[in-house]
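Numbered from 1 within each chain, the chains take letters A, B, ... in sequence-line order.
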Amino acid sequence: MTTTPAQTSAPTDEVRVRFCPSPTGTPHVGMVRTALFNWAHARHHGGKLVFRIEDTDAARDSEESYHQLLDAMRWLGIDWDEGVEVGGPHGPYRQSERADIYQEVIAKLKDAGHIYESYSTAEEIVERHRAAGRDPQLGYDGYDRDLTEEQKAAFLAEGRHPTWRLRMPDTDLTFTDLVRGEITFKAGTIPDFVVVRANGQPLYTLVNPVDDALMRITHVLRGEDILSSTPRQIALYRALIEIGVAERVPEFGHLPYVMGEGNKKLSKRDPESNLFLYREQGFLPEGMVNYLALLGWGYSADEDIFSREQMVERFDASDVNPNPARVDIKKATAINADHIRRLTEADLAERLVPYLQQGGVLGETVTEEQRTLVVAATPLVQTRMNLLGEAPDLLGFLFTADADLEVQPDALKKLGDDPVGVLERAIQEIDAVPEEDFTAAALEPALRAAIVEDMGIKPRLAFGPLRSAISGRRISPPLFESMELLGKSSSRARLSALRDRLAAEA
RNA sequence: GCCCCCAUCGUCCAGUGGCCUAGGACACCGGCCUUUCACGCCGGCGACACGGGUUCGAAUCCCGUUGGGGGUACCA
């Protein structure tokens with residue numbers, strides 16, 4: 001095992017970004033937004049996206065969560081060039097499989113004196129601050145920096161096991177954040193921090209930069225929550241460069257928080273944070289990507305709707321807005337609706353099928369006839385849907401047997417003075433239309449002439465009863481088209497059923 | 001406590017010293033279209049947190065205040 005493998009030294013101008021989640025819980029929107037921005041940045045610059053899994057916390061990590069992560073990435077079309085599942089020159093890409101690499105780096109860091117053993121307990125540190133009249137909330141005080149061999153031996157004899165801390169430089173630490181500009185942390189405000197536990201295991205603080213260095217990452221785009229650990233990482237990078245593990249300090253870009261209601265960071269508890277809930281409701285991956293992109297970024301001054309490709313064309317991390325963004329389900333839904341309208345009818349029909357199945361409108365196996373009906377019905381609902389999950393409710397009546405159609409109570413109200421007469425007349429008109437000519441184009445003028453013009457009933461009241469009879473709803477897809485799809489006998493049966501029912505009730 | 005980040009309509013995004021009487025989107029309110037509901041179209045409401053500077057000129061630069069948020073672990 002070597003820490004400087006192959007050194008397939010990439011061209012220095014190649015952009016290499018990474019997405020490195022911990023597999024805990026269900027993918028949430030903030031995390032996915034980070035993945036998306038990294039991906040878009042890489043694609044825009046013709047670079048590479050590395051997908052690494054930070055599964056060093058056996059207690060919280062799960063294989064199920066790992067698979068959900070893969071599912072999420074694939075659903076959204078965020079592909080990666082190196083990493084889990086696809087491999088690459090800097091593997092393995094799961095931290096749980098990289099223990100030997102870390103031990104080797106740790107050994108080098110020790111040899112070079114960048115990290116030193118620390119025996120102080122938290123209580124002792126606080127005690128020393130108190131004794132010296134300093135703020136006890138100050139962090140580690142550097143007490144063990146220059147322990148003599150005798151002192152170390154004495155601690156060891158006491159049975160203490162040291163942690164290892166990085167020697168922080170006594171200078172200001174400045175870096176230029178891609179989204180925030182220049183940021184400086186004053187010298188002396190960041191204590192030497194622990195990189196190796198007393199049991200010899202490395203911590204995230206070490207492992208994350210080490211992997212980024214080894215994987216030759218050039219741009220680190222991550223959540224704002226780790227902005228304040230950046231100076232620590234820069235100090236570590238400098239040490240890694242000195243021992244030949246890293247080539248450079250990458251550029252950093254800290255993405256704004258994704259907030260929930262109020263001023264709280266979207267938590268995993270919040271339902272709107274769960275990516276898969278959006279999918280279940282019928283968000284298109286295109287709509288989701290579009291909306292997610294708007295959380296901190298804008299495609300242009302006056303366009304909000306764009307494709308993945310359009311995003312790639314323009315995205316650059318330096319254009320990201322630094323303020324936190326709140327999720328707005330209504331806007332997300334509206335954007336999704338736009339994407340639904342942009343789909344071809346055939347594509348939309350195809351995507352509707354699983355939702356119709358999920359809604360119980362279609363069974364597990366879909367017949368050719370049903371599929372044809374879905375395709376034919378799609379144009380009737382394309383501008384009436386915001387979410388694919390609305391399909392069962394909108395189209396259910398077309399797949400229901402006439403006898404099973406339930407007319408909703410709502411659809412029985414406000415039918416005018418003479419709904420029975422209207423239905424009766426409609427049936428007569430329908431009977432006069434030949435089977436092969438049972439089309440919306442033929443039905444509409446015939447029914448309009450008979451009921452609106454001849455009977456003198458306003459269109460609204462003329463067609464209301466028919467709508468209720470045909471769809472069972474007060475609100476439905478266009479009436480005549482629906483009748484055409486249902487066919488003559490089915491339409492007639494439904495019209496008769498409601499006529500009979502209303503006549504009986506009168 | 002100390003350190004760091006953020007601050008334009010209710011929300012998201014645009015704006016990087018004059019093109020801003022601040023633009024677009026969602027939401028909301030009117031209207032048109034119309035067989036319902038949508039779509040579409042037209043119109044309306046609505047913001048530069050506050051105070052000082054710098055400048056001929058500031059939403060844009062600087063300082064401060066206030067208000068949010070994060071960090072300060074042998075978590076990630």
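Backbone-only contact: A:Thr184 has heavy atoms under 4.0 Å from sugar-phosphate atoms and none from a base. Using a 4.0 Å heavy-atom cutoff across all strands shown, A:Leu203 reaches sugar-phosphate atoms only and no base atom. Among the heavy atoms of the strands, none lies under 4.0 Å from A:Gly464. Residue contacts shown for A:Phe193 are absent, as no nucleic acid heavy atom lies under 4.0 Å away. Nucleic acid contact for A:Pro478: base, since at least one base atom lies under 4.0 Å from a heavy atom of the residue. If you check every strand for non-hydrogen atoms under 4.0 Å, A:Thr189 touches sugar and phosphate atoms only. Using a 4.0 Å heavy-atom criterion, one finds that A:Asp61 contacts no nucleic acid atom at all. Using a 4.0 Å heavy-atom distance criterion, A:Ala334 is classed as a sugar-phosphate-only contact. Counting non-hydrogen atoms under 4.0 angstrom, A:Asp135 reaches a base of the nucleic acid. Using a 4.0 Å heavy-atom cutoff across all strands shown, A:Ser22 reaches sugar-phosphate atoms only and no base atom. Among the heavy atoms of the strands lying under 4.0 Å from A:Arg341 are primed sugar atoms or P, OP1, OP2 only; no base atom is included.
Out of B:A7, B:G70, B:C5, the shortest distance to the side chain of A:Tyr257 is found at B:G70. The side chain of A:Ser228 has B:G71 as its nearest neighbour among B:G71, B:C12, B:U35. Distances from the side chain of A:Asp304 to the nucleotides B:A76, B:C12, B:A25 place B:A25 closest. Relative to the side chain of A:Arg384, the nucleotides B:U35, B:C37, B:G24 differ in distance, and B:C37 lies closest. Closest approach to the A:Arg467 side chain among B:U36, B:A14, B:A27 is made by B:U36 (side chain taken as heavy atoms from C-beta onward). Listed nucleotides B:C37, B:U11, B:A14 differ in distance to A:Asp328; the shortest reach to its side chain belongs to B:U11. Counting only heavy atoms from C-beta on, A:Ile226 has its side chain closest to B:A76 among B:A76, B:U35, B:C12. In the set B:C74, B:G71, B:C6, the nucleotide with an atom closest to the side chain of A:Pro322 is B:C6. Picking from B:C4, B:G70, B:C12 the nucleotide with the shortest atom distance to the side chain of A:Lys186 gives B:C4. When distances run from any side-chain atom of A:Asp338 to the nucleotides B:C74, B:C5, B:G40, the shortest one goes to B:G40.
Spacing of C1' atoms, B:G71 relative to B:U11, comes out at 28 Å, to the nearest Å. For the P atom pair drawn from B:G24 and B:G44, the interatomic distance equals 10 Å after rounding to whole Å. Using atom C1' as the reference point in both B:U66 and B:C42, the two lie 42 Å apart (nearest Å). B:G46 and B:C9: their C1' atoms are spaced 5 Å apart (whole Å). A gap of 13 Å separates the P atoms of B:G15 and B:A7, to the nearest Å. With both ends at atom C1', the span from B:A58 to B:C63 equals 15 Å, rounded to whole Å. Annotation: B:C45 and B:G53 have their C1' atoms spaced 35 Å apart (nearest Å). The separation of B:A47 from B:G57, taken at their P atoms, amounts to 26 Å, rounded to a whole angstrom.
Interface remark: the A:Arg232 side chain does not form any donor-acceptor pair with the B:U72 base, using a distance-only criterion of under 3.5 Å.
Regarding A:Glu224, its CD atom lies at a distance of 12 Å from the C1' atom of B:A7, rounded to whole Å. Here the C1' atom of nucleotide B:G40 and the CZ atom of A:Arg342 are 15 Å apart, to the nearest Å. Spacing between atom CZ of A:Arg134 and atom P of B:C2 amounts to 16 Å, rounded to whole angstrom units. To the nearest angstrom, P of B:A38 lies 16 Å from CD1 of A:Ile340.
Side-chain contact check for A:Tyr116 versus A:Arg165: some heavy-atom pair is nearer than 4.5 Å.
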### Task
Evaluate side-chain hydrogen bond (donor to acceptor under 3.5 Å, both in side chains) for A:Thr163 paired with A:Arg197, printing each intermediate quantity in order.
CA-CA 5 Å; A:Thr163 60; A:Arg197 290 189 173 103; over 6 Å; no
### Query
Between A:Arg180 and A:His254, does a side-chain hydrogen bond (donor to acceptor under 3.5 Å, both in side chains) hold up when you go through it step by step?
CA-CA 7 Å; A:Arg180 287 152 215 276; A:His254 291 90; 5.4 Å; no
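Checking side-chain atoms of A:Asn386 against main-chain N and O of A:Ala334 turns up no donor-acceptor pair under 3.5 Å. Although no hydrogens or angles enter the test, the distance criterion places a donor-acceptor pair under 3.5 Å between the side chain of A:Thr34 and the main chain of A:Gly30. For A:His129 (side chain) and A:Gly139 (main-chain N/O), a donor-acceptor pair under 3.5 Å exists by modelled atom type.
In this pair, A:Trp297 and A:Tyr299 present their aromatic rings perpendicular. The plane angle is above 60°, beyond the 30 to 60° band. Classification of the A:Phe175-A:Phe252 ring pair by plane angle, with boundaries at 30° and 60°, yields perpendicular.
Between A:Arg60 and B:A76, a side-chain N or O to OP1/OP2 separation shorter than 4.0 Å is absent. Look at A:Asn321 and you won't find any side-chain N or O under 4.0 angstrom from OP1 or OP2 of B:C12.
B:G17 is unpaired under the criterion used here, namely a Watson-Crick or G-U wobble arrangement in which both key atom distances are under 3.5 Å. Summarising the base pairing, B:A58 is matched to no nucleotide, lacking a Watson-Crick or G-U wobble pair whose two defining distances lie under 3.5 Å. Base pairing of B:A47: no nucleotide in any strand meets the Watson-Crick or G-U wobble criterion (both distances under 3.5 Å). In a base pair of the Watson-Crick type (N1 to N3 plus N6-O4 or O6-N4) or a G-U wobble (N1-O2 and O6-N3), with each distance short of 3.5 Å, B:G67 is matched with B:C6. Remark: B:U72 base-pairs with B:G1; criterion is Watson-Crick or G-U wobble with both hydrogen-bond distances under 3.5 Å.
RNA chain B is contacted by both A:Arg474 and A:Lys331; A:Lys331 maps to the nucleotide lying nearer its 5′ end (nearest heavy atom per residue). Position along RNA chain B of the nearest nucleotide to A:Ile475 versus A:Asp302 favours A:Asp302 as the more 5'-ward residue.
Taking the side chain to side chain contact (heavy atoms under 4.5 Å, CB included) definition, one finds that A:Ile457 meets it with A:Val422, A:Ile451, A:Met455, A:Leu461, A:Ala462, sequence neighbours left out.
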